[in-house]
**Q** 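Sharing a structure with you now.
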Amino acid sequence: MKIFDRLIGLETEYAIRFRPHFSTNRPTDHQLYSFLVGALKRKLPTASPGLPGQGKEGVFLANGGAVWFERCRFAGQTGLVEGSTPECRSPRQLLICQRAQDRLLSETAHTAGIGDFCLLKNCRDSQGQSYGAQENYEATLATGWRLLLWRAGWILLYPLNVIQFIVFIVLLVALLAILFLANSLLGGLVYALVRLIARPSEAECRRWQERIFGRFWVTRDDADAPWPPWLEEPLFVVLQLGLTPFFFVVSLLVGLTDLRRTQQRLTAFLASRAVLGGSGWLDAEGHFHLTEKAETRRTVWLETIPDFSRPVFSNAHFCKMVSSFWPRWKELLASRQRMQISLGDSNLCEEAEYLRVATTLLVLDAIEAGAIGTAPTLRRPLRAFRQISRDPTLTTAVAVRGGRRMTALEIQRWYLDACRRFVDNAANPPGETHEVLRRWADVLDRLETDRSSLVGRLDWVTKQFLLDEAGADLPYTARKKIDLRYHELSPGGYFSRLEAAGQTTTVATTDEVAQAMRLPPSSSPALRRARYIREFSGSNTVLRVGWRFLEVIKQGGKKTTIDLHEPLLWD
Amino acid sequence: MTSAIATTRPVTEDIPQPLPASSAPSALPQPATLAEVLQAIRQDCLVQPQVYLEEVRVPFGGE
């Protein structure tokens with residue numbers, strides 16, 4: 001088995017911060033996203049998505065990656081900017097693409113000329129709402145009888161899913177119709193009374209209409225909700241509950257695969273990885289945590305209620321494959337699938353980002369090669385995530401099966417030793433594996449003996465240093481501003497200031513990042529996606545782009561579908 | 001279904017023009033030493049921190 005050969009990618013949600021220069025009106029998040037994409041289109045060839053199951057507003061870029069508007073809930077103008085790196089194969093390649101994405105988006109936002117517009121690369125807002133980073137690793141879902149079970153399960157599940165979906169849609173439409181009718185009658189009566197008694201101005205009338213009937217009926221903007229704000233929450237809950245049976249069954253189905261065994265062997269590693277990849281977080285009581293994400297996970301793998309369960313290992317992408325009228329069977333029934341991890345933080349320190357991905361990749365390679373048969377198993381994983389994250393002294397030991405207790409550093413060293421043996425026994429491992437092992441060991445040593453030397457290399461150490469040195473004795477709000485502004489991708493961001501002063505270390509070179517802003521990585525499906533985007537962007541040919549497939553629709557309607565994972569004659 | 005397609009132009013590795021360099025003006029002069037950076041951060045974090053916290057709000061979160 002080859003090391004560092006699987007496809008990997010990162011998804012990053014960036015929070016939007018905006019302060020107008022002149023006007024007091026703040027554009028909506030969706031309008032700011034539109035400005036951003038408009039400016040991106042002037043820099044790079046782009047193409048629209050449009051294949052079934054994508055569902056989100058976004059654009060693919062000529063460097064192979066994509067940018068999306070991650071709408072909060074399913075209505076309204078509030079949301080996040082999400083960037084997806086192109087698929088890569090080596091951790092260094094992925095780091096370069098992630099840095100290129102960060103730079104492309106932050107520079108574009110900064111130069112949009114519409115005010116103080118910047119993005120924050122973090123995972124919690126000032127109120128503690130969670131968003132942020134997701135990691136994707138190609139992994140073996142199942143082989144042999146487990147793969148047969150997976151396929152049979154879907155063949156049985158799909159008709160049930162269709163029936164459940166139709167029943168659910170009928171009930172939802174009926175509910176909406178009743179609510180709309182009731183709201184139109186009662187709301188119309190209230191609105192008529194308001195106009196008759198208060199005689200509001202035109203602007204006030206519009207506000208009343210938005211409040212009573214929904215913003216869409218005033219703005220006619222598709223991004224706005226056609227229902228009143230109070231209806232948003234009940235509709236969302238109904239949608240969540242309607243999808244719960246399906247998500248539950250999919251979780252059980254994934255539980256029968258080899259992927260679940262891989263995830264079980266990874267869990268202790270991911271919990272302890274906080275010491276490498278945590279970004280640091282100041283909670284509402286002023287306590288410092290290693291990670292932003294540890295407190296937000298509600299399950300390890302059982303994903304039952306969409307957008308509520310917040311598992312470490314997400315199954316939502318399996319559900320999305322069958323969420324359209326044309327299920328993506330070829331992807332869904334394949335032996336190799338995407339494993340999505342939602343426990344990691346977004347990083348500003350290059351070395352932390354590099355180690356977060358590279359060590360996970362190496363552990364995954366070792367597990368799939370059979371080199372990690374038995375790994376430390378956390379007795380209570382969710383509790384262990386929190387215990388490790390809440391202890392910046394790194395002395396807390398968490399319970400593992402067999403009656404032992406291990407600290408995060410001990411767990412990391414266990415995996416490091418296993419990976420060393422795996423690489424030593426491998427035939428011709430890539431040179432990068434030795435670089436990863438060297439950096440991994442060095443960081444663990446320094447965490448034990450010389451933590452201050454990791455300022456500028458690990459985010460949580462750097463943020464804690466800033467809070468101690470620049471934020472000592474300051475009120476909570478000022479310290480919280482340090483916690484948040486550390487992540488701001490602008491010259492005013494606190495990490496950026498350290499970087500500009502030469503206080504941080506880099507892994508990727510400036511030239512490598514500049515190139516990845518324009519060009520896709522080699523030996524990846526992104527290479528072919530990018531070629532098609534450059535070829536057809538701005539032409540009369542319609543291009544519909546996806547991660548796996550791409551459609552070329554020529555004048556006259558002739559459609560050709562390209563599988564980006566399969567070699568073509570000219571490759 | 002996979003198939004090679006005939007295009008009007010050959011799909012080749014083109015040589016894109018470099019992106020225009022960022023013309024972003026620095027919001028603040030960049031301090032040269034760590035002590036200056038820490039001092040600048042200490043001053044900045046005290047400037048309307050509550051306003052900043054209000055600006056970094058994501059109703060409902062994401063994922």
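The shown structure was predicted, so the numbers you read here are calculated from the model rather than taken from an experiment. FYI, side chains are in, hydrogens and waters are out, and symmetry mates aren't considered; it's all heavy atoms of this structure. Convention: sequence-line order gives letters A, B, ...; per-chain numbering from 1.
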**Q** Please state whether the side chain, the backbone, both or neither of F465(A) comes within less than 4.5 Å of a heavy atom of chain B.
**A** side chain
**Q** Show every ring-ring contact (aromatic ring centres under 6.0 Å, His included) that has at least one partner inside residues 470-492 of chain A, sequence neighbours left out.
**A** Y486(A)-F495(A)
**Q** Taking L474(A), L466(A), D29(A), T541(A) one by one, which has the highest count of heavy-atom pairs under 4.5 Å against chain B?
**A**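 Most heavy-atom pairs within the cutoff with chain B belong to L474(A).
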**Q** So, S309(A) side chain and P306(A) main chain: donor-acceptor pair closer than 3.5 Å or not?
**A**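 Between the backbone of P306(A) and the side chain of S309(A) there is no qualifying donor-acceptor contact (under 3.5 Å).
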**Q** Side chains of W68(A) and L80(A): closer than 4.5 Å at any heavy-atom pair?
**A**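 No, too far: nothing below the 4.5 Å cut-off.
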**Q** K480(A), E469(A), R19(A), Q134(A): which one forms the most heavy-atom pairs within less than 4.5 Å of chain B?
**A**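 Counting heavy-atom pairs under 4.5 Å, the top option is R19(A).
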**Q** Counting only non-hydrogen atoms closer than 4.5 Å, does K558(A) touch chain B with its backbone (N, CA, C, O), its side chain (CB onward), both, or neither?
**A** neither
**Q** Would one find more than 12 heavy atoms of other residues, nucleotides or ligands at under 6.0 Å from atom CD of Q515(A)?
**A** no
**Q** Out of L46(B), L38(B), V56(B), which one racks up the most heavy-atom pairs below 4.5 Å with chain A?
**A**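 Going by pairs under 4.5 Å, I would pick V56(B).
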**Q** Considering only heavy atoms from C-beta outward, does the side chain of Y52(B) approach that of R17(A) to under 4.5 Å?
**A**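 They are in side-chain contact.
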